[in-house]
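Below you'll find the structure, written out as structure tokens, and then a few comments.
Note that the structure is predicted; figures quoted are calculated from it, not measured.
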Amino acid sequence: MKRILTTLTMALALTSAATAQSNVLTNGTTARQEIEKNLWLAGSNYLDYDRQLPSFNYTRPPKGYVPFYMSHYGRHGSRWLIGRNDYMRVITPLRKARRDGKLTREGEETLRRLELFNKTTYKRLGDLTTVGERQHHGIGRRLAEHFPEIFKAKNVPIDARSTTVNRCILSMIAECEELMAANPTARIHNDVSDALQYYLNQDREGQVKENAGKGDRAHHEFSRRHTHPERLVGTLFNDPQWAADSIDQHRLMHQLFEVAINMQSHDDAPDLIHLFNTDEIYDMWRIQNAGWYQNYAASPLTGGIMQFSQANLLDNIIQTADTCVALRKTQATLRFGHEVCVMPLACLLELDSCGASISDLEQLDQHWRNYRIFPMACNIQLIFYRPQKGDGDILVKALLNEREVSLPVSTTQYPYYRWTDLRNYYTQKLRQFRGQ
């Protein structure tokens, strides 16, 4: 088993690193340049989907081919922070400083804004926001616009399934509302059940669970090297010695940044990102980027295993597609869940550079950027094409957040790939992981 996994990891490292390098060279911009142009990208999984929409200039399918089936997995839209203390853990040390007379004018104003906003979070933790609902209405509307052969077909069956979390269910409803508006004849089936959790929101188990945390020390050291709270502390507190003795400055910086960067999930939210300069914003993103990479991607620090947390989901995608391809009838399968599924699934599918294997966290931002993968409402769409006449090959095109992306098999007609090639590749990848 160990030899098989080592061989698999090495093979993935070679192919994925080459893809990653190609992606960097063709993109032509560094992560820092992209973040300087759009600071909200530094939000990682808190990025507002609509702040990074593509041009939608899609490549025409090969002559004679039409789309007939879509297989989709999408994350819920923008939300309030989840943790019970996510807001209060920032407010509490600032209140302590206010009691001791240690806040600057900027510190006083920051606390005032946080206390006002905190009132809106009452019994709302983790809920979908209006921004999140709007994201999914837009995605649903574009599904019908870009693939009318599927979503505007008369009586088209659309199977939509969600995890049992409210924000996921509401995201599913928002998209389905748009699909029904575009096609009143559509036969949409919605399903929400614990019975679906094994692939819609799979728990870590087996080798994935065993390898979780193996890269924590490296990430902790990386985080310490790139966290510099001194300027921020001086902005908020008027007594450096008091702050050093009374506040965990590194922790406060990270927690305040999380609150500030997620304000893009709300309409008319207070501006807190101005508290951070560009260097700090970039560093906070690099730390998050490294953390997500080691915990959910093909990181050598965790044996390249974490992406396989979505093995059940990929199984479901393959098996459902097999049925739909055999029938060759127009239909769609929509799945709704979480970023902890989209992220490793994108890596497992090796979409563009998502499957990159990078050992040095200091070099990671040159090859792998989480904001391209899992903003709020992120989604993976696999569109299947059949020939209008005859029984030719079934072709597949992949979209990551509605952008055309490469897949890990050869093709002479990018971005279209033969389904038989993809199916064989992914099936073999899962078998190697499972030691079959």
Charged N to carboxylate O below 4.0 Å: is that the case for [X] and [Y]?
X	Y	answer
R79	E133	no
D248	R89	no
R142	E178	no
R113	E109	yes
D216	K214	no
D159	R335	no
E36	R32	yes
E362	R225	yes

Next item on the list: Give a yes or no on whether the ring-centroid distance for F68 and Y385 is below 6.0 angstrom.
Entry: no

Next item on the list: For the residue pair F56 and H146, categorise the inter-ring angle as parallel (less than 30°), tilted (30 to 60°) or perpendicular (more than 60°).
Entry: tilted

Notebook entry, point to check: When the ring planes of Y414 and Y417 are compared, do they come out parallel, tilted or perpendicular, using 30° and 60° as the limits?
Noted result: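 Ring orientation, 0 to 90° scale: perpendicular.
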
Notebook entry, point to check: Does the side chain of N57 pick up a donor-acceptor pair with the side chain of S55 at under 3.5 Å?
Noted result: no

Notebook entry, point to check: Under 6.0 Å from the CZ atom of R251, do we count more than 12 heavy atoms belonging to anything else shown?
Noted result: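 12 or below, so no.
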
Note to self: Show, in sequence, the C-alpha distance, side-chain angles and deciding distance for Y69 and F384, and conclude whether the ring-ring contact (aromatic ring centres under 6.0 Å, His included) test is met.
What the structure shows: CA-CA 5 Å; Y69 172 60; F384 290 68; 5.2 Å; yes

Next item on the list: Let me see the working for W285 and Y371 under ring-ring contact (aromatic ring centres under 6.0 Å, His included), right down to the final yes or no.
Entry: CA-CA 9 Å; W285 170 74; Y371 52 76; 5.4 Å; yes

Item checked: L256 CG to L114 CG distance, which is reported to the nearest 0.5 Å ->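 If we round to the nearest 0.5 Å, L256:CG and L114:CG are 6.5 Å apart.
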
Next item on the list: Please confirm whether R204 makes a cation-pi placement over Y296, using NZ or CZ under 6.0 Å from the six-membered ring centre and within 45° of the ring normal.
Entry: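 Yes.
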
Next item on the list: Give me the one residue out of F147, F151, F336 that meets ring pair (Phe, Tyr, Trp, His ring centres under 6.0 Å) with H72.
Entry: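 Of F147, F151, F336, ring pair (Phe, Tyr, Trp, His ring centres under 6.0 Å) with H72 is met by F336 alone.
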
